[in-house]
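The figures that follow rest on heavy atoms only: side chains count, while hydrogens, waters and symmetry mates do not.
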Amino acid sequence: MKAGDLVYVTSAASVQFLRPIRLRVIRVLDWPTYDGWVWLEGYQLDAAGDAVSRRKVFVRPAGLTAPPEPTPAQPGGSGPTARVRR
């Protein structure tokens with residue numbers, strides 16, 4: 001794991017993440033931990049991929065996965081609707 005990696009943090013990585021988050025890794029912190037665990041510093045991303053908060057998380061790297069691909073917007077699903085002239 002290195003700076004720039006995008007990871008999906010779920011309860012498989014740490015029980016505190018019942019709601020998974022997407023995290024863009026800034027760095028792996030060199031803090032003492034239990035064997036098989038690391039501290040990561042990174043930016044939590046929203047559904048659009050924008051950073052919403054800076055976080056330090058204590059996780060098991062073996063439980064981290066690649067995030068699922070974002071669902072593309074459906075045509076006509078949101079935004080202004082077109083008016084039809086008659």
Side-chain angles (χ1 to χ4, degrees):
M1 184 155 341
K2 62 187 181 316
D5 286 351
L6 182 60
V7 295
Y8 199 51
V9 185
T10 66
S11 60
S14 178
V15 295
Q16 65 183 320
F17 293 100
L18 295 176
R19 287 189 177 158
I21 66 167
R22 293 184 322 147
L23 187 79
R24 172 77 61 196
V25 176
I26 297 171
R27 64 185 170 147
V28 178
L29 298 166
D30 188 21
W31 293 353
T33 66
Y34 296 105
D35 189 35
W37 290 78
V38 296
W39 279 98
L40 298 178
E41 184 173 9
Y43 291 105
Q44 181 176 342
L45 306 179
D46 64 10
D50 297 322
V52 292
S53 65
R54 190 168 178 162
R55 307 263 315 248
K56 291 182 179 100
V57 297
F58 186 56
V59 295
R60 292 180 316 131
L64 298 172
T65 61
E69 291 296 319
T71 307
Q74 299 298 320
S78 64
T81 56
R83 294 180 80 175
V84 178
R85 289 190 164 184
R86 294 181 188 209

Exercise. Between P61 and G36, which heavy-atom pair has the shortest distance, and what is it?
Worked result: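 So the minimum-distance heavy-atom pair works out to CD-O, 3.4 Å.
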Problem set entry | By ring pair (Phe, Tyr, Trp, His ring centres under 6.0 Å) - contacts of F58 (at least two apart) |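 F58 satisfies ring pair (Phe, Tyr, Trp, His ring centres under 6.0 Å) with W37, W39 once adjacent residues are dropped.
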Problem set entry | side chain to side chain donor-acceptor pair (under 3.5 Å) contacts touching residues 5-17 (sequence neighbours left out) |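 Checked against side chain to side chain donor-acceptor pair (under 3.5 Å) - neighbours excluded - the pairs reaching residues 5-17 are K2-D5, S14-Q16.
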Listed pairs under 3.5 Å, donor-acceptor, residues 42-49 side chains, sequence neighbours left out:
| residue | atom | partner | partner atom | Å |
| --- | --- | --- | --- | --- |
| Q44 | OE1 | R55 | NH1 | 2.7 |
| D46 | OD1 | A48 | N | 3.0 |
| D46 | OD1 | G49 | N | 3.0 |
| D46 | OD1 | D50 | N | 2.8 |

For this session: List, by chain and number, the other hydrophobic cluster members for F17, where Ile, Leu, Val, Met, Phe, Trp and Tyr join if side-chain heavy atoms come within less than 4.5 Å, directly or indirectly.
Result: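 In the cluster with F17 are M1, V7, V9, I21, L23, V25, V28, V38, L40, V57, V59, L64.
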Exercise. Among pairs that include at least one residue of residues 23-34, which meet salt bridge (Lys or Arg N to Asp or Glu O under 4.0 Å), considering only residues two or more places apart or in two chains?
Worked result: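 Non-adjacent pairs meeting salt bridge (Lys or Arg N to Asp or Glu O under 4.0 Å): R27-E41.
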For this session: Measure the spacing between CD1 of I26 and NZ of K56 and express it to the nearest 0.5 Å.
Result: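 Reported value, rounded in 0.5 Å steps: 8.5 Å.
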